[in-house]
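Comments concern the structure below.
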Amino acid sequence: MINDYTRTALLINGEWKIPDGRDTIEVVDPATERVIGSVPAGTVADVEAAVASAKNAFDPLVTVAERRERVAVILSAMEKRLPEIAEAITAEMGAPVRIAQGVQTQVPLAVARGFADVLDSFEFEERMGNSLVVREPYGVVGAITPWNYPLYQVVAKVLPAIAAGCTVVLKPSNEAPLSVFAFVDAVNEAGLPAGVLNLVSGPGAVIGERLAQHPDVDLVSFTGSTSVGARVAELAGRSIKKATLELGGKSANVILEGADLKTAVKVGVGNAFLNGGQTCMAWTRMLVPRSQYGEALELIEAAVGRYTVGDPWDPATRIGPSASASQFRSVRGFIERAQRDGARLLTGGAEQIRDVGYFIAPTVFADVDPTSELGQEEVFGPVLAVIPFDGEDEALEIANGTPYGLAGAVWAKDTDTAIAFARGVQTGQLDVNGGAYNPIAPFGGYKKSGIGRELGRVGFEEFLQTKSLQLPS
Ligand code: NAD
(Lines give C-alpha, C1' and ligand atoms only; values in the text may rest on other atoms or scores of the structure.)
Protein backbone atom coordinates (compact mmCIF):
# COMPACT_ATOMS: atom_id res chain seq x y z
CA MET A 1 0.00 0.00 0.00
CA ILE A 2 1.17 3.53 -0.74
CA ASN A 3 1.87 5.33 2.53
CA ASP A 4 2.64 8.82 1.40
CA TYR A 5 -0.11 10.45 -0.57
CA THR A 6 1.23 13.98 -0.19
CA ARG A 7 1.70 15.85 -3.45
CA THR A 8 3.39 19.22 -3.31
CA ALA A 9 3.72 20.15 -6.99
CA LEU A 10 1.62 20.89 -10.06
CA LEU A 11 2.52 19.69 -13.56
CA ILE A 12 3.25 22.69 -15.76
CA ASN A 13 5.12 22.45 -19.04
CA GLY A 14 6.32 18.91 -18.34
CA GLU A 15 7.80 19.73 -14.93
CA TRP A 16 6.49 19.28 -11.42
CA LYS A 17 6.59 22.80 -9.95
CA ILE A 18 6.00 23.71 -6.33
CA PRO A 19 3.50 26.58 -6.45
CA ASP A 20 4.20 29.91 -4.76
CA GLY A 21 1.03 29.64 -2.70
CA ARG A 22 1.50 27.37 0.32
CA ASP A 23 -2.13 26.37 0.77
CA THR A 24 -3.04 22.73 0.44
CA ILE A 25 -6.19 20.65 0.09
CA GLU A 26 -6.40 17.73 2.49
CA VAL A 27 -7.65 14.40 1.21
CA VAL A 28 -9.71 12.39 3.69
CA ASP A 29 -10.23 8.62 3.63
CA PRO A 30 -14.02 8.40 3.98
CA ALA A 31 -13.80 4.94 5.56
CA THR A 32 -11.63 6.11 8.48
CA GLU A 33 -12.25 9.89 8.42
CA ARG A 34 -8.45 10.32 8.58
CA VAL A 35 -6.41 12.70 6.45
CA ILE A 36 -4.32 10.53 4.12
CA GLY A 37 -2.60 13.16 2.03
CA SER A 38 -2.87 16.52 0.38
CA VAL A 39 -2.47 18.29 -2.93
CA PRO A 40 -1.61 21.91 -3.66
CA ALA A 41 -4.42 24.46 -3.62
CA GLY A 42 -3.39 26.14 -6.86
CA THR A 43 -4.01 29.81 -7.61
CA VAL A 44 -4.94 31.91 -10.63
CA ALA A 45 -1.20 32.41 -11.23
CA ASP A 46 -0.79 28.64 -11.61
CA VAL A 47 -3.66 28.54 -14.11
CA GLU A 48 -1.96 31.33 -16.10
CA ALA A 49 1.30 29.36 -16.23
CA ALA A 50 -0.47 26.12 -17.18
CA VAL A 51 -2.56 27.75 -19.91
CA ALA A 52 0.54 29.50 -21.32
CA SER A 53 2.32 26.16 -21.39
CA ALA A 54 -0.62 24.45 -23.13
CA LYS A 55 -0.89 27.28 -25.63
CA ASN A 56 2.81 27.11 -26.39
CA ALA A 57 2.65 23.32 -26.85
CA PHE A 58 -0.35 23.52 -29.18
CA ASP A 59 0.44 23.02 -32.84
CA PRO A 60 -2.64 23.12 -35.09
CA LEU A 61 -0.71 21.17 -37.71
CA VAL A 62 0.34 18.35 -35.39
CA THR A 63 0.39 15.17 -37.50
CA VAL A 64 -1.86 12.20 -36.94
CA ALA A 65 1.27 10.07 -36.45
CA GLU A 66 2.35 12.34 -33.56
CA ARG A 67 -1.09 12.13 -32.01
CA ARG A 68 -1.03 8.33 -32.26
CA GLU A 69 2.34 8.34 -30.53
CA ARG A 70 0.94 10.50 -27.70
CA VAL A 71 -2.09 8.26 -27.25
CA ALA A 72 0.16 5.18 -27.22
CA VAL A 73 2.35 6.76 -24.52
CA ILE A 74 -0.70 7.46 -22.35
CA LEU A 75 -2.16 4.00 -22.85
CA SER A 76 0.98 2.11 -21.92
CA ALA A 77 1.72 4.38 -18.94
CA MET A 78 -1.81 3.89 -17.69
CA GLU A 79 -1.72 0.12 -18.09
CA LYS A 80 1.50 -0.09 -16.05
CA ARG A 81 0.24 2.04 -13.18
CA LEU A 82 -3.37 0.79 -12.93
CA PRO A 83 -2.87 -1.13 -9.64
CA GLU A 84 -1.43 1.98 -7.98
CA ILE A 85 -4.25 4.14 -9.36
CA ALA A 86 -6.89 1.64 -8.17
CA GLU A 87 -5.36 1.70 -4.69
CA ALA A 88 -5.48 5.49 -4.56
CA ILE A 89 -9.15 5.44 -5.62
CA THR A 90 -10.04 3.12 -2.73
CA ALA A 91 -8.08 5.27 -0.28
CA GLU A 92 -9.42 8.65 -1.38
CA MET A 93 -13.08 7.97 -2.14
CA GLY A 94 -13.77 4.63 -0.50
CA ALA A 95 -14.55 2.59 -3.62
CA PRO A 96 -14.40 -1.08 -2.59
CA VAL A 97 -11.34 -2.83 -4.04
CA ARG A 98 -13.51 -4.94 -6.34
CA ILE A 99 -14.96 -1.71 -7.79
CA ALA A 100 -11.60 0.11 -7.88
CA GLN A 101 -9.88 -2.78 -9.64
CA GLY A 102 -12.95 -3.36 -11.80
CA VAL A 103 -15.16 -0.66 -13.23
CA GLN A 104 -13.11 2.27 -11.83
CA THR A 105 -9.98 1.28 -13.78
CA GLN A 106 -11.05 -1.27 -16.40
CA VAL A 107 -13.70 0.96 -17.98
CA PRO A 108 -11.23 3.86 -18.47
CA LEU A 109 -8.82 1.40 -20.07
CA ALA A 110 -11.52 0.25 -22.50
CA VAL A 111 -12.49 3.87 -23.15
CA ALA A 112 -8.86 4.84 -23.82
CA ARG A 113 -8.41 1.92 -26.23
CA GLY A 114 -11.62 3.04 -27.95
CA PHE A 115 -10.07 6.45 -28.65
CA ALA A 116 -6.89 4.84 -30.02
CA ASP A 117 -9.08 2.86 -32.46
CA VAL A 118 -11.01 5.99 -33.49
CA LEU A 119 -7.77 7.77 -34.29
CA ASP A 120 -6.60 4.84 -36.41
CA SER A 121 -9.61 5.00 -38.70
CA PHE A 122 -10.86 8.61 -38.55
CA GLU A 123 -11.16 10.53 -41.85
CA PHE A 124 -9.93 14.06 -41.12
CA GLU A 125 -10.72 15.32 -44.62
CA GLU A 126 -13.82 14.93 -46.73
CA ARG A 127 -15.05 16.28 -50.09
CA MET A 128 -18.50 17.92 -50.06
CA GLY A 129 -19.33 19.26 -53.54
CA ASN A 130 -16.54 21.65 -54.46
CA SER A 131 -15.34 21.92 -50.85
CA LEU A 132 -12.61 20.14 -49.00
CA VAL A 133 -13.84 19.91 -45.40
CA VAL A 134 -10.98 19.52 -42.93
CA ARG A 135 -11.23 18.70 -39.23
CA GLU A 136 -8.67 20.47 -37.06
CA PRO A 137 -7.83 20.30 -33.35
CA TYR A 138 -9.85 22.75 -31.26
CA GLY A 139 -6.89 24.19 -29.34
CA VAL A 140 -6.30 24.48 -25.60
CA VAL A 141 -8.79 22.45 -23.56
CA GLY A 142 -9.71 23.15 -19.94
CA ALA A 143 -10.87 19.86 -18.40
CA ILE A 144 -12.72 19.94 -15.07
CA THR A 145 -13.61 16.62 -13.45
CA PRO A 146 -15.59 15.25 -10.45
CA TRP A 147 -14.66 12.67 -7.82
CA ASN A 148 -17.00 9.75 -8.43
CA TYR A 149 -14.98 7.92 -11.11
CA PRO A 150 -11.77 9.95 -10.88
CA LEU A 151 -9.74 8.12 -13.54
CA TYR A 152 -12.61 7.55 -15.95
CA GLN A 153 -13.64 11.20 -15.94
CA VAL A 154 -10.10 12.28 -16.77
CA VAL A 155 -9.58 9.65 -19.49
CA ALA A 156 -12.91 10.52 -21.14
CA LYS A 157 -11.59 14.07 -21.69
CA VAL A 158 -7.79 13.92 -21.87
CA LEU A 159 -7.55 11.02 -24.33
CA PRO A 160 -9.88 12.38 -27.03
CA ALA A 161 -8.48 15.90 -26.60
CA ILE A 162 -4.91 14.73 -27.13
CA ALA A 163 -5.94 12.31 -29.89
CA ALA A 164 -7.58 15.26 -31.63
CA GLY A 165 -4.31 17.23 -31.38
CA CYS A 166 -5.36 19.53 -28.54
CA THR A 167 -3.38 20.37 -25.41
CA VAL A 168 -4.94 20.24 -21.96
CA VAL A 169 -5.05 21.93 -18.57
CA LEU A 170 -6.68 19.47 -16.18
CA LYS A 171 -8.34 20.40 -12.90
CA PRO A 172 -9.30 17.32 -10.84
CA SER A 173 -11.80 17.19 -7.97
CA ASN A 174 -10.67 18.13 -4.47
CA GLU A 175 -12.13 14.95 -2.96
CA ALA A 176 -10.31 12.43 -5.19
CA PRO A 177 -7.25 14.05 -6.76
CA LEU A 178 -4.63 11.44 -5.74
CA SER A 179 -5.46 8.88 -8.43
CA VAL A 180 -5.38 11.68 -10.99
CA PHE A 181 -1.92 12.78 -9.83
CA ALA A 182 -0.75 9.15 -10.16
CA PHE A 183 -2.16 8.98 -13.70
CA VAL A 184 -0.59 12.29 -14.77
CA ASP A 185 2.70 11.34 -13.15
CA ALA A 186 2.76 8.08 -15.12
CA VAL A 187 1.95 9.79 -18.39
CA ASN A 188 4.51 12.55 -17.90
CA GLU A 189 7.23 10.09 -16.91
CA ALA A 190 6.46 8.01 -20.01
CA GLY A 191 7.45 10.96 -22.19
CA LEU A 192 4.42 12.95 -23.30
CA PRO A 193 5.81 16.17 -24.88
CA ALA A 194 6.05 19.06 -22.39
CA GLY A 195 2.93 21.21 -22.11
CA VAL A 196 0.56 18.78 -23.83
CA LEU A 197 -0.95 17.85 -20.46
CA ASN A 198 -0.85 20.18 -17.45
CA LEU A 199 -2.35 19.57 -14.02
CA VAL A 200 -3.59 22.25 -11.61
CA SER A 201 -5.45 21.19 -8.48
CA GLY A 202 -7.29 23.67 -6.31
CA PRO A 203 -10.61 25.25 -5.41
CA GLY A 204 -13.25 24.93 -8.13
CA ALA A 205 -14.35 28.53 -7.77
CA VAL A 206 -10.76 29.67 -8.42
CA ILE A 207 -9.16 27.17 -10.84
CA GLY A 208 -12.34 26.01 -12.58
CA GLU A 209 -13.76 29.49 -13.04
CA ARG A 210 -10.48 30.89 -14.39
CA LEU A 211 -10.25 28.03 -16.90
CA ALA A 212 -13.85 28.60 -17.98
CA GLN A 213 -13.24 32.26 -18.75
CA HIS A 214 -9.58 32.27 -19.79
CA PRO A 215 -9.18 33.90 -23.23
CA ASP A 216 -6.55 31.34 -24.25
CA VAL A 217 -8.68 28.32 -23.39
CA ASP A 218 -10.61 27.38 -26.53
CA LEU A 219 -12.90 24.71 -25.12
CA VAL A 220 -13.94 23.78 -21.61
CA SER A 221 -15.01 20.21 -20.96
CA PHE A 222 -16.82 19.89 -17.64
CA THR A 223 -18.26 16.94 -15.73
CA GLY A 224 -20.00 17.51 -12.44
CA SER A 225 -23.18 18.84 -10.92
CA THR A 226 -25.82 20.65 -12.92
CA SER A 227 -25.51 23.80 -10.79
CA VAL A 228 -21.75 24.15 -11.30
CA GLY A 229 -22.18 23.18 -14.97
CA ALA A 230 -24.53 26.13 -15.42
CA ARG A 231 -21.91 28.46 -13.92
CA VAL A 232 -19.17 27.06 -16.19
CA ALA A 233 -21.39 27.48 -19.27
CA GLU A 234 -22.22 31.06 -18.24
CA LEU A 235 -18.54 31.98 -17.87
CA ALA A 236 -17.59 30.21 -21.11
CA GLY A 237 -20.42 31.99 -22.93
CA ARG A 238 -19.01 35.40 -22.07
CA SER A 239 -15.97 34.69 -24.23
CA ILE A 240 -17.90 32.61 -26.83
CA LYS A 241 -15.99 29.53 -25.73
CA LYS A 242 -17.33 26.08 -26.48
CA ALA A 243 -18.42 24.25 -23.32
CA THR A 244 -19.34 20.58 -23.17
CA LEU A 245 -21.20 19.61 -20.02
CA GLU A 246 -21.75 16.15 -18.52
CA LEU A 247 -24.08 16.73 -15.61
CA GLY A 248 -26.42 15.00 -13.20
CA GLY A 249 -29.14 12.42 -13.77
CA LYS A 250 -32.24 10.79 -12.31
CA SER A 251 -32.49 7.88 -14.67
CA ALA A 252 -35.47 5.56 -14.88
CA ASN A 253 -35.34 1.78 -15.08
CA VAL A 254 -38.69 1.04 -16.71
CA ILE A 255 -39.97 -2.51 -16.36
CA LEU A 256 -42.94 -3.07 -18.66
CA GLU A 257 -45.55 -5.78 -18.30
CA GLY A 258 -44.36 -9.09 -19.78
CA ALA A 259 -40.66 -8.38 -19.09
CA ASP A 260 -38.43 -10.80 -17.19
CA LEU A 261 -39.15 -9.17 -13.82
CA LYS A 262 -36.59 -11.16 -11.86
CA THR A 263 -33.69 -10.21 -14.14
CA ALA A 264 -34.86 -6.62 -14.53
CA VAL A 265 -34.99 -6.15 -10.74
CA LYS A 266 -31.66 -7.88 -10.11
CA VAL A 267 -29.80 -5.86 -12.77
CA GLY A 268 -31.66 -2.69 -11.78
CA VAL A 269 -30.71 -2.94 -8.10
CA GLY A 270 -27.09 -3.63 -9.07
CA ASN A 271 -27.04 -0.59 -11.31
CA ALA A 272 -28.61 1.71 -8.68
CA PHE A 273 -26.04 0.71 -6.05
CA LEU A 274 -22.93 0.52 -8.25
CA ASN A 275 -20.16 2.61 -6.70
CA GLY A 276 -22.45 3.24 -3.72
CA GLY A 277 -24.97 4.97 -5.99
CA GLN A 278 -22.37 7.64 -6.83
CA THR A 279 -22.80 7.13 -10.54
CA CYS A 280 -24.26 9.85 -12.74
CA MET A 281 -25.94 7.30 -15.01
CA ALA A 282 -27.38 5.22 -12.11
CA TRP A 283 -30.96 3.99 -12.56
CA THR A 284 -32.19 5.58 -9.35
CA ARG A 285 -35.90 5.27 -10.15
CA MET A 286 -37.40 1.83 -10.72
CA LEU A 287 -40.74 2.00 -12.50
CA VAL A 288 -42.86 -1.14 -12.00
CA PRO A 289 -46.34 -2.10 -13.33
CA ARG A 290 -48.85 -1.88 -10.49
CA SER A 291 -50.03 -5.43 -11.31
CA GLN A 292 -46.56 -6.74 -10.37
CA TYR A 293 -45.71 -4.22 -7.67
CA GLY A 294 -45.86 -6.58 -4.66
CA GLU A 295 -43.79 -9.23 -6.37
CA ALA A 296 -41.24 -6.61 -7.48
CA LEU A 297 -40.85 -5.23 -3.94
CA GLU A 298 -40.14 -8.74 -2.61
CA LEU A 299 -37.53 -9.30 -5.32
CA ILE A 300 -35.95 -5.90 -4.59
CA GLU A 301 -35.64 -6.63 -0.87
CA ALA A 302 -34.03 -9.99 -1.58
CA ALA A 303 -31.60 -8.42 -4.08
CA VAL A 304 -30.59 -5.61 -1.72
CA GLY A 305 -29.64 -8.18 0.93
CA ARG A 306 -26.65 -9.15 -1.21
CA TYR A 307 -25.16 -5.62 -1.13
CA THR A 308 -22.77 -5.83 1.79
CA VAL A 309 -21.57 -2.50 3.16
CA GLY A 310 -18.24 -2.25 4.90
CA ASP A 311 -14.47 -1.95 4.78
CA PRO A 312 -13.58 -1.01 1.20
CA TRP A 313 -10.32 -3.00 1.43
CA ASP A 314 -12.28 -6.23 2.06
CA PRO A 315 -12.70 -8.03 -1.30
CA ALA A 316 -16.22 -9.12 -0.30
CA THR A 317 -17.49 -5.55 0.20
CA ARG A 318 -19.85 -4.26 -2.48
CA ILE A 319 -20.67 -0.82 -1.05
CA GLY A 320 -18.11 1.39 0.65
CA PRO A 321 -18.68 4.70 2.44
CA SER A 322 -20.04 7.85 0.86
CA ALA A 323 -17.06 9.62 -0.66
CA SER A 324 -16.97 12.62 1.68
CA ALA A 325 -18.49 14.11 4.82
CA SER A 326 -20.54 16.58 2.82
CA GLN A 327 -21.82 13.87 0.50
CA PHE A 328 -22.73 11.77 3.55
CA ARG A 329 -24.70 14.64 5.10
CA SER A 330 -26.42 15.34 1.80
CA VAL A 331 -27.51 11.70 1.26
CA ARG A 332 -28.83 11.40 4.83
CA GLY A 333 -30.80 14.61 4.33
CA PHE A 334 -32.46 13.19 1.20
CA ILE A 335 -33.44 10.03 3.11
CA GLU A 336 -34.91 11.97 6.05
CA ARG A 337 -36.88 14.28 3.77
CA ALA A 338 -38.20 11.35 1.69
CA GLN A 339 -39.59 9.83 4.89
CA ARG A 340 -41.21 13.14 5.77
CA ASP A 341 -42.65 13.34 2.22
CA GLY A 342 -44.53 10.07 2.83
CA ALA A 343 -42.40 7.58 0.87
CA ARG A 344 -42.41 4.10 2.45
CA LEU A 345 -38.98 2.97 3.68
CA LEU A 346 -38.57 -0.62 2.54
CA THR A 347 -35.01 -1.14 3.72
CA GLY A 348 -32.01 0.91 4.90
CA GLY A 349 -32.35 4.41 6.36
CA ALA A 350 -30.40 7.51 7.31
CA GLU A 351 -28.47 6.01 10.25
CA GLN A 352 -24.68 6.01 10.24
CA ILE A 353 -24.10 2.24 10.31
CA ARG A 354 -20.52 2.26 11.63
CA ASP A 355 -18.98 4.33 14.41
CA VAL A 356 -16.34 5.68 12.09
CA GLY A 357 -16.63 6.40 8.39
CA TYR A 358 -19.39 7.72 6.17
CA PHE A 359 -21.32 4.48 5.82
CA ILE A 360 -24.98 4.37 4.83
CA ALA A 361 -27.01 1.19 4.28
CA PRO A 362 -28.42 0.58 0.80
CA THR A 363 -31.82 2.21 1.04
CA VAL A 364 -35.02 1.57 -0.88
CA PHE A 365 -38.20 3.62 -0.79
CA ALA A 366 -41.50 2.31 -2.17
CA ASP A 367 -44.59 4.39 -3.10
CA VAL A 368 -42.40 7.33 -4.11
CA ASP A 369 -44.36 10.25 -5.50
CA PRO A 370 -42.69 10.94 -8.87
CA THR A 371 -43.07 14.68 -8.27
CA SER A 372 -41.49 14.59 -4.77
CA GLU A 373 -37.87 15.55 -4.13
CA LEU A 374 -36.77 11.89 -4.15
CA GLY A 375 -38.65 11.34 -7.40
CA GLN A 376 -37.02 14.36 -9.03
CA GLU A 377 -33.57 15.08 -7.62
CA GLU A 378 -30.25 13.28 -7.86
CA VAL A 379 -29.18 11.84 -4.47
CA PHE A 380 -25.76 10.44 -5.46
CA GLY A 381 -25.86 7.76 -2.78
CA PRO A 382 -27.25 4.23 -2.34
CA VAL A 383 -30.90 5.24 -2.50
CA LEU A 384 -33.43 3.67 -4.87
CA ALA A 385 -36.94 5.06 -5.45
CA VAL A 386 -39.59 2.55 -6.55
CA ILE A 387 -42.59 3.98 -8.38
CA PRO A 388 -45.65 2.01 -9.55
CA PHE A 389 -47.41 2.87 -12.83
CA ASP A 390 -50.62 1.98 -14.68
CA GLY A 391 -49.98 1.44 -18.38
CA GLU A 392 -47.15 2.37 -20.73
CA ASP A 393 -48.33 5.96 -21.27
CA GLU A 394 -48.00 6.69 -17.57
CA ALA A 395 -44.63 4.93 -17.44
CA LEU A 396 -43.35 7.19 -20.23
CA GLU A 397 -44.75 10.29 -18.57
CA ILE A 398 -43.01 9.44 -15.30
CA ALA A 399 -39.75 8.45 -17.05
CA ASN A 400 -39.67 11.82 -18.83
CA GLY A 401 -41.00 13.80 -15.88
CA THR A 402 -37.73 15.07 -14.38
CA PRO A 403 -35.39 17.89 -15.45
CA TYR A 404 -32.74 15.27 -16.34
CA GLY A 405 -32.14 12.86 -19.22
CA LEU A 406 -28.82 11.06 -18.92
CA ALA A 407 -29.39 7.31 -18.99
CA GLY A 408 -31.93 4.60 -18.14
CA ALA A 409 -33.21 1.18 -19.06
CA VAL A 410 -36.27 -0.42 -20.49
CA TRP A 411 -37.33 -4.05 -20.14
CA ALA A 412 -40.20 -5.53 -22.18
CA LYS A 413 -41.45 -8.88 -23.42
CA ASP A 414 -39.31 -8.56 -26.56
CA THR A 415 -36.64 -6.25 -27.96
CA ASP A 416 -38.91 -4.56 -30.50
CA THR A 417 -41.42 -3.55 -27.81
CA ALA A 418 -38.57 -2.26 -25.64
CA ILE A 419 -37.05 -0.26 -28.52
CA ALA A 420 -40.45 1.25 -29.40
CA PHE A 421 -40.77 2.48 -25.80
CA ALA A 422 -37.12 3.61 -25.68
CA ARG A 423 -37.66 5.90 -28.69
CA GLY A 424 -40.02 8.00 -26.58
CA VAL A 425 -37.67 8.44 -23.62
CA GLN A 426 -35.87 11.79 -23.50
CA THR A 427 -32.46 10.57 -22.47
CA GLY A 428 -28.98 10.23 -23.92
CA GLN A 429 -28.51 6.52 -23.34
CA LEU A 430 -30.81 3.56 -22.60
CA ASP A 431 -30.08 -0.12 -22.03
CA VAL A 432 -32.65 -2.20 -23.88
CA ASN A 433 -33.61 -5.57 -22.36
CA GLY A 434 -30.26 -5.88 -20.59
CA GLY A 435 -28.03 -4.60 -23.42
CA ALA A 436 -24.42 -4.30 -22.22
CA TYR A 437 -22.46 -1.11 -21.50
CA ASN A 438 -20.62 0.05 -24.59
CA PRO A 439 -17.44 2.13 -24.03
CA ILE A 440 -17.53 3.58 -27.56
CA ALA A 441 -21.24 4.53 -27.66
CA PRO A 442 -21.90 8.30 -27.38
CA PHE A 443 -22.64 9.24 -23.78
CA GLY A 444 -24.25 12.46 -22.58
CA GLY A 445 -27.40 14.19 -21.56
CA TYR A 446 -30.72 15.52 -22.77
CA LYS A 447 -32.25 18.45 -20.88
CA LYS A 448 -30.36 19.46 -17.71
CA SER A 449 -28.07 16.43 -17.92
CA GLY A 450 -25.78 18.27 -20.26
CA ILE A 451 -24.60 19.43 -23.64
CA GLY A 452 -22.37 17.41 -25.95
CA ARG A 453 -21.28 13.80 -25.91
CA GLU A 454 -18.32 11.82 -24.61
CA LEU A 455 -16.72 8.52 -25.68
CA GLY A 456 -15.90 6.91 -29.01
CA ARG A 457 -15.99 8.71 -32.33
CA VAL A 458 -18.73 11.15 -31.34
CA GLY A 459 -16.90 12.11 -28.14
CA PHE A 460 -13.67 12.54 -30.12
CA GLU A 461 -15.33 14.89 -32.63
CA GLU A 462 -16.20 17.34 -29.83
CA PHE A 463 -12.50 18.29 -29.80
CA LEU A 464 -12.33 19.10 -33.53
CA GLN A 465 -13.08 22.31 -35.41
CA THR A 466 -14.45 22.15 -38.94
CA LYS A 467 -13.00 24.21 -41.80
CA SER A 468 -14.40 24.29 -45.35
CA LEU A 469 -12.08 25.06 -48.27
CA GLN A 470 -14.00 25.87 -51.45
CA LEU A 471 -11.89 24.62 -54.33
CA PRO A 472 -11.82 26.06 -57.85
CA SER A 473 -13.31 23.86 -60.55
P1 NAD B 1 -19.18 19.45 -8.65
O2 NAD B 1 -20.00 20.10 -9.70
O3 NAD B 1 -19.27 19.96 -7.28
O4 NAD B 1 -17.62 19.54 -9.04
C5 NAD B 1 -17.14 19.09 -10.27
C6 NAD B 1 -15.82 19.79 -10.56
O7 NAD B 1 -16.05 21.19 -10.72
C8 NAD B 1 -14.79 19.67 -9.44
O9 NAD B 1 -13.50 19.57 -9.99
C10 NAD B 1 -14.96 20.99 -8.70
O11 NAD B 1 -13.82 21.37 -7.97
C12 NAD B 1 -15.21 21.93 -9.86
N13 NAD B 1 -15.91 23.17 -9.49
C14 NAD B 1 -16.59 23.45 -8.33
N15 NAD B 1 -17.07 24.71 -8.37
C16 NAD B 1 -16.70 25.23 -9.57
C17 NAD B 1 -16.91 26.49 -10.20
N18 NAD B 1 -17.60 27.47 -9.61
N19 NAD B 1 -16.42 26.67 -11.44
C20 NAD B 1 -15.75 25.68 -12.08
N21 NAD B 1 -15.49 24.47 -11.52
C22 NAD B 1 -15.97 24.25 -10.28
O23 NAD B 1 -19.54 17.91 -8.75
P24 NAD B 1 -18.98 16.70 -7.85
O25 NAD B 1 -19.64 16.80 -6.52
O26 NAD B 1 -17.50 16.64 -7.91
O27 NAD B 1 -19.56 15.44 -8.65
C28 NAD B 1 -20.84 14.96 -8.51
C29 NAD B 1 -21.75 15.47 -9.60
O30 NAD B 1 -21.20 15.20 -10.88
C31 NAD B 1 -23.09 14.79 -9.62
O32 NAD B 1 -24.09 15.74 -9.82
C33 NAD B 1 -23.03 13.86 -10.81
O34 NAD B 1 -24.24 13.53 -11.42
C35 NAD B 1 -22.17 14.61 -11.73
N36 NAD B 1 -21.54 13.69 -12.67
C37 NAD B 1 -21.94 13.68 -13.98
C38 NAD B 1 -21.38 12.78 -14.86
C39 NAD B 1 -21.76 12.71 -16.31
O40 NAD B 1 -20.99 12.18 -17.09
N41 NAD B 1 -22.88 13.24 -16.71
C42 NAD B 1 -20.41 11.91 -14.42
C43 NAD B 1 -20.05 11.93 -13.08
C44 NAD B 1 -20.61 12.84 -12.22
Side-chain angles (χ1 to χ4, degrees), residues 25 27 39 41-42 44 47 92-93 103-104 107-108 111 142-157 169-177 180 199-214 217 220-236 238 241 243-251 274-284 322-331 334 377-381 402-408 427-429 439 441-455 459 462:
I25 292 171
V27 181
V39 296
V44 167
V47 178
E92 67 191 349
M93 51 92 47
V103 57
Q104 285 275 10
V107 170
V111 164
I144 305 172
T145 59
W147 48 263
N148 64 335
Y149 288 90
L151 179 65
Y152 164 84
Q153 306 292 2
V154 166
V155 165
K157 298 185 187 313
V169 178
L170 170 63
K171 185 252 175 278
S173 76
N174 295 335
E175 293 80 1
V180 180
L199 177 66
V200 182
S201 51
V206 176
I207 310 301
E209 296 210 2
R210 184 61 191 141
L211 280 176
Q213 55 193 324
H214 200 294
V217 172
V220 60
S221 176
F222 172 84
T223 298
S225 59
T226 296
S227 55
V228 175
R231 174 76 180 145
V232 167
E234 181 195 328
L235 294 174
R238 287 184 198 168
K241 190 193 308 308
T244 61
L245 308 170
E246 296 289 341
L247 311 175
K250 189 74 194 180
S251 299
L274 177 67
N275 203 36
Q278 302 167 129
T279 304
C280 53
M281 61 198 293
W283 308 337
T284 50
S322 282
S324 67
S326 73
Q327 197 57 31
F328 180 58
R329 275 194 300 276
S330 163
V331 174
F334 272 106
E377 290 304 324
E378 181 178 58
V379 176
F380 233 54
T402 77
Y404 301 107
L406 190 57
T427 192
Q429 190 163 108
F443 173 71
Y446 279 40
K447 302 193 278 184
K448 287 192 178 166
S449 287
I451 298 173
R453 292 293 178 269
E454 289 196 319
L455 308 187
E462 295 282 2

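First listed ligand is number 1; within each ligand, the first listed atom is number 1. All heavy atoms count here, side chains included; hydrogens, waters and symmetry mates do not. Sequential numbering from 1 along the given sequence is applied to the chain's residues.
- Contact annotation: for Q327 versus ligand 1, there are no heavy atoms closer than 4.0 Å.
- Contact annotation: for S227 versus ligand 1, there are no heavy atoms closer than 4.0 Å.
- Checked against a 3.5 angstrom limit, the closest N/O atoms of G202 and ligand 1 fall outside it.
- By the 3.5 Å distance cut-off applied to N or O atoms, K171 is counted among the residues near ligand 1.
- The distance criterion of under 3.5 Å between nitrogen or oxygen atoms is not met by R231 with respect to ligand 1.
- In terms of polar-atom proximity, defined here as any N/O pair under 3.5 Å, E175 makes no such contact with ligand 1.
- Residue E209 has at least one nitrogen or oxygen atom sitting less than 3.5 Å from a nitrogen or oxygen atom of ligand 1, judged on distance alone.
- Of the N or O atoms in Q153, none lie within a sub-3.5 Å distance of an N or O in ligand 1.
- Of the heavy atoms in L406, only side-chain atoms (C-beta onward) come closer than 4.0 Å to ligand 1.
- Heavy-atom neighbours of K448 NZ from other residues, nucleotides or ligands within 6.0 Å: at or below the threshold of 12.
- Taking every non-hydrogen atom of P146 and a distance limit under 4.0 Å, the qualifying atoms of ligand 1 come out as 24 (P), 26 (O), 27 (O), 43 (C), 44 (C).
- Distance remark: protein heavy atom not present below 4.0 angstrom from atom 4 (O) of ligand 1.
- One option in E454, E378, R210 has a heavy atom closer to atom 31 (C) of ligand 1 than any other, and that option is E378.
- For a threshold of 3.5 Å applied to N or O pairs, the pair formed by S225 and ligand 1 contains at least one separation below that value.
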